[in-house]
Amino acid sequence: MQIRLLLTVSFCGSLNGQRHTWKLKSTSARERAVQYQPGQKIHGFTVREVAVVPDLFLTAVKLTHDKTGAQYLHAARDDSNNLFSVQLRTTPMDSTGVPHILEHTVLCGSEKYPCRDPFFKMLTRSLSTFMNAFTASDYTMYPFSTQNGKDFQNLLSVYLDAVFFPCLREQDFRQEGWRLENENPTDPNTPLVFKGVVFNEMKGAFSDNERVYAQHLQNKLYPDHTYSVVSGGEPLAIPDLTWEQLRQFHATHYHPSNARFFTYGDLPLEQHLQQIEEEALSKFERINPNTEVPSQPHWSRPREDHVTCSPDALAPDPARQNTLCVSYLLGDITDTFEGFTLSLLSSLMISGPNSPFYKALIEPKIGTDFSSVVGYDGSTKEASFSIGLQGMSAEDTERVKQIISQTIDDIIENGFEEERIEALLHKIEIQMKHQSTNFGLSLASYIASSWNHDGDPVELLQINESVSEFRQALKENPRFLQDKVKHYFKENTHRLTLSMSPDESYLEKQAQAEEEKLQKKIQALSDGDRKEIYDKGLELLDAQSKTQDASCLPALKVSDIEPTIPVTPVQISTAGGVPVQYCEQPTNGLVYFRAMCSLNTMPEELRLYVPLFCSVITKMGCGALDYRQQSQQMELRTGGMSVSTQVIQDSTQLDMYEQGVLLNSSCLDRNLPHMFELWSDIFNSPHLDDEERLRVLVMMSAQELANGISYSGHMYAMTRSSRHLTPAGDLRETFSGMDQVKFMKRIAEMSDLSQVIRTLPRIKKHLLNPDNMRCAVNTTPQKMSDTAAQLESFMKDVSENRKERKPVRSNIVEVRYQQAYSYVRKLISVSSLNFSPCQMKTLFPMPFPVNFVSESIRTVPFSHEDYGPELGADLVCVPSRRRLGQVRTVHSAGHR
């Protein structure tokens, strides 16, 4: 499902400074907001609508700015993690990357705050919980969040000035966008080359085959307007952008008449409106920005196309690297109910082993996984649905097309099981009740695309109304979903079949095209131009090397910060002899269960298999359920069940750590017995001997890891560079680094998985052992007693798995936590094994036109007095903020 609403309930007391100004404690934020009336004037804005959204525990207030026409939505909710975002509709008509480069350049200083990179410098002057900016295909968003009222004021001032009054200096454009410069800026005799942060960032982005495919698919499915270009910038087109074009784009697109403001949380709306009016909007007049996106003209017949990419050296099967996908143009995303229906329909068609396309495409092992673009996509003005395969042979192209067509016919004829529909509606109910700390940001992202095209953001929030309308439509017409499939897929002539295959000379061709572009630019230069390029290179180098004065930026004072931090009370008890942490919270009818299972007794030669075990243990079937039935029951009865590796660095010593796997699940309180019954079956009788099922999961996992390297290369570099500095870093490399990628590739290449099938029960014997467990439960006070009883029953059901096993290492340190009950964490201490941190340089040659570099330095543990914002970790992977700034700007490195 594309409905990703994660709710937040604030459990902590206010951290806000100047409470008398920002906090009105007599009534809740929702109650205050209900008092606004349509037509009411507030600081230059007019209230248009006030809507109570009980399902999300908020009141929505929609306003319009009288002078400029700027749109505004406030979501009043009793949550101290307040959020602001301003969103501009940015619709480029070429691939020079102008909205992306502009997003970077506005953050290089503004009229009120002229220092470079004010966002980065605010990190040490703020208590923000989030600060960033995003460039999408058709909008750019600038969000931040904080729990402190004075901090909100400060950040809002910086954001408003950056967005609406940036300096936009030519030097900043050259640094962030692109420039011609001597390879060595201090030596005019070195060759001229392309440099620029966005230029190199996009070269990195297009080294990812999944990104290449997704970009081509969008460009070709929507060929007639802004979606036919690369909003982030195509590397060969970026050098066509001029500084003047950038400034003009800002003047037309970064205007309040083209803006949508969103605020969320428990701070008073009037304060926000007054500051936004005084510091920004009062200085503008209304314009017609002319940024609307027209509907894509529909094709009268389907189209096919083909693109190429670079070969993947880490693909599970080097002989099968083709991708094929069929993509369908759907309806306008501003039709809220139609979008809800199509999103749900997409999940029914592709999600999980019970879906028809999973059965038809994944299980026959024609490919390694679904294509990188799959399912419903509502990020463009008109939505799309895509289905296909990656990791397939070119010979299977026609077969895959035939299967897709046949599967659509089968769906039209047979429809969907009622239980599967109920499972997805249950999932939506869980999502609406789920608590998280970043609800404001999730909400801003959720409404962004539809609101960007003048959809009603309040209507989007009324999810239960869509659910009710959906149930009614299904009741009135049992073939409601089948009719949708027939209309949007069977009879839809606007569909694109796009194939992609590896080309051994792909990178060579890319490099040659860039060289030709470079030479064309160079040949047009006069001697005076070359001298100017050299001089500007020196000027930029000089500017980059100067220490920036950040004193102009606002900063919190100690008096702005609450002197105490609220403590969340927990109770420690036991269930069946297993330590349990109980925490009473307003969880909105949900129960959250977690369990940490130690790895201390497991033989070390099994370590590499642990991530594979985690990924398959909940997907192979258990007890009387095969894997399809297990998946169905998880969707019907839980909010998800997962197992993941866990490496916890000790807070006092760098050479001590805890190792284990984390069990994680949640459910509505009415489904608590069912959730624990599923866990009991996984503990007692998991189905680990189905080789065909295991092979499908192995291929999907190996493909996912291989795809992730070009996108997350910086994370792999950081993990690898830290492995020789602490024992915990070494284990993290085993579980989630390049070692794991290479290991899964070897497993995927095995023709016989019997060795793996023999290994998995050995791991299970050590991990799913109550003797090595501790648990945590969060639920409401009313359900805590029942939950404790259910947990006790679960422990009794799995007691046969309990067996005291000796640790494989003698260097176990027991850390005892004493409360009403005491429990012990068993940590590994490797000082006795003579672990010696060392410097190690490692190179992984990869077929990408970009490099990922990380340097890690062993520092101090969390509890050390020197641990602070300049370190932020026991291992610093880029030693300081100044160093990162140098890497990003001086060396034109892209960032992720």
Side-chain angles (χ1 to χ4, degrees), residues 65 67-71 84-120 131-144 156-179 196-199 201-202 225-226 229-234 237-262 276 279-293 448 452 889:
H65 187 248
K67 187 178 176 186
T68 65
Q71 299 180 46
F84 164 86
S85 80
V86 58
Q87 172 184 328
L88 299 311
R89 185 159 58 198
T90 46
T91 49
M93 295 307 295
D94 58 45
S95 295
T96 58
V98 58
H100 188 186
I101 294 172
L102 185 56
E103 175 217 312
H104 280 243
T105 314
V106 300
L107 304 182
C108 289
S110 60
E111 289 181 10
K112 195 188 296 185
Y113 309 111
C115 66
R116 288 177 183 271
D117 217 347
F119 278 25
F120 209 51
M131 276 198 296
N132 212 332
F134 310 111
T135 302
S137 295
D138 52 14
Y139 69 83
T140 305
M141 179 188 284
Y142 295 84
F144 73 78
L156 181 56
S157 183
V158 171
Y159 267 63
L160 291 173
D161 211 55
V163 170
F164 294 109
F165 310 105
C167 295
L168 294 185
R169 295 170 287 235
E170 183 183 12
Q171 192 175 77
D172 298 329
F173 165 68
R174 297 179 65 250
Q175 172 184 281
E176 298 297 322
W178 77 276
R179 64 187 183 275
V197 174
V198 171
F199 177 79
E201 182 182 336
M202 295 310 295
H225 202 261
T226 189
V229 305
V230 184
S231 64
E234 204 284 315
I238 288 173
D240 294 332
L241 182 67
T242 67
W243 177 46
E244 187 50 49
Q245 288 170 338
L246 181 89
R247 291 165 60 85
Q248 183 58 39
F249 193 88
H250 180 271
T252 54
H253 291 73
Y254 278 50
H255 189 283
S257 299
N258 192 45
R260 288 154 181 82
F261 293 89
F262 175 69
I276 292 169
E279 297 190 15
L281 302 194
S282 61
K283 302 170 186 179
F284 289 89
E285 300 294 333
R286 187 188 295 253
I287 66 166
N288 178 9
N290 193 28
T291 57
E292 295 83 0
V293 179
N452 190 50
T889 58

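The figures that follow rest on heavy atoms only: side chains count, while hydrogens, waters and symmetry mates do not.
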Undergrad: I want to check something: taking the side chain as every heavy atom from C-beta on, are Val158 and Phe144 in contact at a cut-off of under 4.5 Å?
TA: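 With C-beta onward as the side chain, the pair stays apart.
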Undergrad: Are Phe164 and Phe284 an aromatic pair, judged by ring center distance below 6.0 Å?
TA: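 Yes - the distance between ring centres of Phe284 and Phe164 falls below the 6.0 Å cut-off.
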Undergrad: Please determine, by modelled atom types, if Thr135 and Glu103 share a side-chain donor-acceptor pair under 3.5 angstrom.
TA: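 Judged by distance alone, the side chains do pair up.
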Undergrad: Go through the steps for Thr68 and Ser257 under the test side chain to side chain donor-acceptor pair (under 3.5 Å), then give the verdict.
TA: CA-CA 5 Å; Thr68 65; Ser257 299; 5.0 Å; no
Undergrad: With a 4.5 Å heavy-atom cut-off, do Tyr139 and Met141 have their side chains touching?
TA: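 Yes, at least one pair of side-chain atoms sits under 4.5 Å.
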Undergrad: Do you know which two heavy atoms are closest between Trp178 and Pro239, and how far apart they sit?
TA: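 What the structure gives for the nearest pair is CZ2-O, 3.0 Å.
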Undergrad: Decide yes or no on side chain to side chain contact (heavy atoms under 4.5 Å, CB included) for Thr96 and Glu234, but give the supporting numbers first.
TA: CA-CA 6 Å; Thr96 58; Glu234 204 284 315; over 6 Å; no
Undergrad: Rounded at 0.5 Å granularity, tell me how far CZ in Phe165 sits from OG in Ser110.
TA: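 Nearest 0.5 Å value for the CZ-OG distance: 9.5 Å.
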Undergrad: So Val86 and Arg260, side chain to side chain contact (heavy atoms under 4.5 Å, CB included) or not? Walk me through it.
TA: CA-CA 6 Å; Val86 58; Arg260 288 154 181 82; over 6 Å; no
Undergrad: For the residue pair Ser157 / Glu279, report whether a side-chain donor-acceptor contact shorter than 3.5 Å exists.
TA: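 Glu279 vs Ser157: donor-acceptor pair found between side chains.
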Undergrad: Which heavy-atom pair separates His225 from Glu292 by the least distance, and what is that distance?
TA: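 So the two residues come closest at CE1-O, 3.9 Å.
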Undergrad: Please answer whether the main-chain N or O of Phe249 pairs with a side-chain N or O of Thr252 as donor and acceptor at a distance below 3.5 Å.
TA: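 Yes.
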Undergrad: On a heavy-atom basis, which atom in Pro114 and which in Cys167 lie closest, and how many Å separate them?
TA: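 Heavy-atom minimum between the residues: CA-SG, 4.4 Å.
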Undergrad: Is there side-chain contact between Thr140 and Tyr142, with at least one heavy-atom pair below 4.5 Å?
TA: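 Result yes, sub-4.5 Å side-chain heavy-atom pair found.
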Undergrad: Quick check against the 3.5 Å criterion: does Glu111 have a side-chain atom that pairs as donor or acceptor with the backbone of Asp161?
TA: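 The answer is no, because no donor-acceptor pair under 3.5 Å joins these two groups.
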Undergrad: With rounding to the nearest 0.5 Å, note down the distance linking CG in Leu281 to CG in Leu160.
TA: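 Between Leu281 CG and Leu160 CG, I get 7.5 Å after rounding to 0.5 Å.
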Undergrad: State the CG-NE2 distance between Leu241 and His100, to the nearest 0.5 angstrom.
TA: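 Here the interatomic distance stands at 12.5 Å.
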Undergrad: Can you tell me how far CZ of Phe261 sits from CD1 of Ile276, rounded to the nearest 0.5 angstrom?
TA: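 The CD1 atom of Ile276 sits 5.5 Å away from the CZ atom of Phe261.
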Undergrad: Are Arg116 and Gln171 linked by a side-chain donor-acceptor pair shorter than 3.5 Å?
TA: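 Result is yes, a qualifying pair exists.
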Undergrad: So which heavy atom on Gln175 is nearest to which on Cys108, and how close?
TA: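 That would be NE2-SG, 4.4 Å.
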Undergrad: Is it true that the side chains of Ser137 and Ser231 contain a donor and an acceptor less than 3.5 Å apart?
TA: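 Not at all, the side chains of Ser137 and Ser231 share no donor-acceptor pair under 3.5 Å.
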Undergrad: Could you grab the distance from atom CD of Glu176 to atom OG1 of Thr105, nearest 0.5 Å is fine?
TA: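 Reported value, rounded in 0.5 Å steps: 6.0 Å.
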Undergrad: Checking Lys67 side chain against Ser282 main chain: does a donor-acceptor pair fall under 3.5 Å?
TA: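 Yes; judged by distance alone, with no hydrogens or angles, the pair exists.
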Undergrad: If the condition is side-chain contact (heavy atoms from CB on, under 4.5 Å), which residues does Pro166 pass it with, not counting sequence neighbours?
TA: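 Val106, Leu168, His250.
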Undergrad: Does a donor on one side chain and an acceptor on the other come within less than 3.5 Å for Thr291 and Asn258?
TA: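 Thr291 vs Asn258: donor-acceptor pair found between side chains.
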Undergrad: Can you tell me how far the CD1 atom of Ile101 sits from the CE atom of Met202, to the nearest 0.5 Å?
TA: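 Going from the CD1 atom of Ile101 to the CE atom of Met202 covers 9.5 Å.
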Undergrad: Checking Val98 against Leu246 for the side chain to side chain contact (heavy atoms under 4.5 Å, CB included) test, could you report, in this order, the C-alpha distance in whole Å, the side-chain angles of both residues, the deciding distance, and whether it holds?
TA: CA-CA 6 Å; Val98 58; Leu246 181 89; 4.1 Å; yes
Undergrad: Taking the six-membered ring of Trp243, is NZ or CZ of Arg247 closer than 6.0 Å to its centre and within 45° of its axis?
TA: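 Pair Arg247/Trp243 counts as cation-pi.
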Undergrad: Please determine whether ring-ring contact (aromatic ring centres under 6.0 Å, His included) holds for the pair Phe119 and Tyr159, giving the CA-CA distance in whole Å, both sets of side-chain angles, and the decisive distance to 0.1 Å.
TA: CA-CA 8 Å; Phe119 278 25; Tyr159 267 63; 4.3 Å; yes
Undergrad: Under the 3.5 angstrom rule, does the side chain of Arg89 hit a backbone N or O of Asn452 as a donor-acceptor pair?
TA: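 Indeed, once roles are kept as given, a pair shorter than 3.5 Å links the two residues.
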Undergrad: Measuring only between side-chain heavy atoms, which start at C-beta, is Arg174 closer than 4.5 Å to Arg169?
TA: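 Heavy-atom side-chain distance check fails, nothing below 4.5 Å.
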Undergrad: How close do Ser95 and Ala237 get, heavy atom to heavy atom, and via which atoms?
TA: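 Shortest heavy-atom separation between Ser95 and Ala237 comes out as O-CB, 3.4 Å.
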